[in-house]
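Taking it in order: structure first as structure tokens, then the write-up.
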Amino acid sequence: MNNQTIPVITIDGPSGAGKGTIAQMLALDLKWNILDSGALYRTLAYFMLQQNIKLKDFEENMLFIKSNFKVKFDPGTIGEPVKVIFNNDDITKKVRTEDIAKKTSDLATDPLIREFIRPCQRDFMVQPGLVADGRDMGTVIFNDAKLKIFLTASIEERAKRRQSQLKRQGSEVNMRLLLQELEERDKKDTEREHSPLIPAEDSVVIDTSNLNPEGVVKEIKTYL
Ligand code: DC
């Protein structure tokens, strides 16, 4: 099957803009596959930590990592995070911690890591279609996608959403600390040399600060 015939919707934006929820709702609604590329990076960080492989030793361990890096996503149910299945193990909770987020942010600035992850991401493009959530889905990985969405929201709103998400998972995080971490992550994501977080020229930008998820999905579907 020619990849060109497989429809892709890319959803990019900073942490907490609502990408995960919107991508999940769209994937469930359209019955398409889902790629949570942030979780793919997180899983790599988790695996390297588990195997005690430092970033500087990535290249020499690349073959081992490649042959063991089998990740699947299940959109799951609304209100729950997209499920991350790694080597048949549900590691959703393990990769969605702030500690892994921090480590992942460092890892994601490395060009070798991005190059390694690129074909893994393209592999998710299978029939009947793909909703791809991340930072460079529309600009780099699926720059040929038919519909590109860039979600934004104020940093305060994003921190609030992150806090309630973490609360649902059983962790209490101080708001000031969350704001600070979000700022740091935004800076790293937007200022990095390789695949910085920017809206694709041909993307539709939606500010979700004052919209509910259903409203955002409805707006996106008008562009389909
Ligand atoms: O969306 P998230 O918080 O799960 O992403 C985790 C980290 O991975 C975040 O620091 C940004 C990075 N990332 C990236 O560089 N490129 C992507 N396509 C997705 C995530």
Side-chain angles (χ1 to χ4, degrees), residues 8-24 27 34-49 55 58 69 71 73 75-76 80-84 86 91-125 130-143 145 148-153 155 158-159 161-166 169 171 173 178-200 203 208:
V8 177
I9 303 177
T10 61
I11 317 263
D12 289 306
S15 284
K19 301 183 304 289
T21 307
I22 301 304
Q24 178 187 50
I34 191 163
L35 161 63
D36 180 341
S37 62
L40 206 57
Y41 280 95
R42 284 170 186 257
T43 303
L44 184 59
Y46 166 82
F47 183 54
M48 285 171 67
L49 204 66
L55 184 53
F58 179 78
F69 196 62
V71 186
F73 296 107
E80 300 282 326
V82 168
K83 281 190 189 149
V84 188
F86 178 53
I91 58 160
T92 314
K93 278 199 179 137
K94 291 179 188 158
V95 293
R96 297 205 190 275
T97 63
E98 283 303 291
D99 184 40
I100 288 286
K102 222 188 242 162
K103 290 198 169 67
T104 308
S105 185
D106 291 334
L107 208 69
T109 58
D110 192 277
L112 199 60
I113 297 282
R114 301 202 77 85
E115 206 183 305
F116 172 84
I117 292 268
R118 181 193 287 248
C120 307
Q121 297 175 115
R122 296 282 302 187
D123 284 349
F124 285 89
M125 195 167 143
L130 175 68
V131 182
D133 148 4
R135 303 294 192 290
D136 59 347
M137 299 295 98
T139 48
V140 180
I141 308 298
F142 302 104
N143 58 4
K148 300 179 184 179
I149 306 293
F150 192 89
L151 298 182
T152 62
I155 192 156
R158 292 191 283 125
R161 288 177 189 170
R162 199 65 160 194
Q163 194 181 38
S164 38
Q165 187 186 27
L166 289 168
Q169 291 165 24
S171 15
V173 185
L178 259 186
L179 271 170
Q180 194 185 331
E181 284 181 351
L182 264 184
E183 258 168 26
E184 278 169 19
R185 216 174 305 151
D186 279 1
K187 194 165 150 58
K188 228 182 251 174
D189 288 347
T190 52
E191 292 180 2
R192 69 169 173 238
E193 189 186 344
H194 302 277
S195 304
L197 172 67
I198 41 163
S203 63
T208 69

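One-based numbering, in listed order, for ligands and for the atoms of each.
Using a 30° and 60° split on the angle between ring planes, F86 and Y46 fall in the perpendicular class, above 60°. F73 and F124 have tilted rings, their planes meeting at an angle from 30° to 60° on a 0 to 90° scale.
Using a 4.0 Å cut-off to heavy atoms of R185, the atoms of ligand 1 that qualify are 10 (O). For ligand 1, the atoms closer than 4.0 angstrom to any heavy atom of M137 are 18 (N). Counting atoms of ligand 1 from 1 in the listed order, those under 4.0 Å from a heavy atom of R42 are 2 (P), 3 (O), 4 (O), 6 (C). Atoms of ligand 1 found under 4.0 Å from any heavy atom of S105, numbered from 1 in the order shown, are 10 (O). Residue contact check: A108 has heavy atoms under 4.0 Å from atoms 12 (C), 15 (O) of ligand 1. The ligand atoms of ligand 1 that sit less than 4.0 angstrom from a heavy atom of T104 are 6 (C), 7 (C), 8 (O). Near S15, with a cut-off below 4.0 Å to any heavy atom, the atoms of ligand 1 are 3 (O). Atom numbering of ligand 1 starts at 1 in the shown order; those under 4.0 Å from a heavy atom of R162 are 3 (O).
For D133, no heavy-atom contact with ligand 1 is shorter than 4.0 Å. Heavy atoms of R192 found under 4.0 angstrom from ligand 1 belong exclusively to the side chain. For K188, no heavy-atom contact with ligand 1 is shorter than 4.0 Å.
Closest of all the heavy-atom pairs between P14 and K19 is O-NZ, 3.0 Å. For the residue pair L179 and A159, the shortest heavy atom distance occurs at CD2-CB, 3.8 Å. When every heavy atom of A39 is checked against every heavy atom of R96, the shortest pair comes out as CB-NH2, 4.1 Å. The nearest pair of heavy atoms linking R114 to A108 is NH1-O, 2.7 Å. Across every non-hydrogen atom of R158 and A17, the tightest pair is CD-N, 3.7 Å.
Using a cut-off of 4.0 Å between Lys/Arg side-chain N and Asp/Glu carboxylate O, D99 and K103 are scored as salt-bridged. Using a cut-off of 4.0 Å between Lys/Arg side-chain N and Asp/Glu carboxylate O, E98 and R162 are scored as salt-bridged.
None of D36, V95, T21, T92 except one satisfies the side-chain contact (heavy atoms from CB on, under 4.5 Å) rule with P81; the exception is T92.
Counting only heavy atoms of the protein, atom 20 (C) of ligand 1 lies nearest to G38 CA, 3.5 Å. The protein heavy atom nearest to atom 9 (C) of ligand 1 is R135 NH2, 3.6 Å. Protein heavy atom in closest approach to atom 19 (C) of ligand 1: S37 OG, 3.4 Å.
Between R114 and ligand 1, a contact under 3.5 Å exists for at least one N or O pair.
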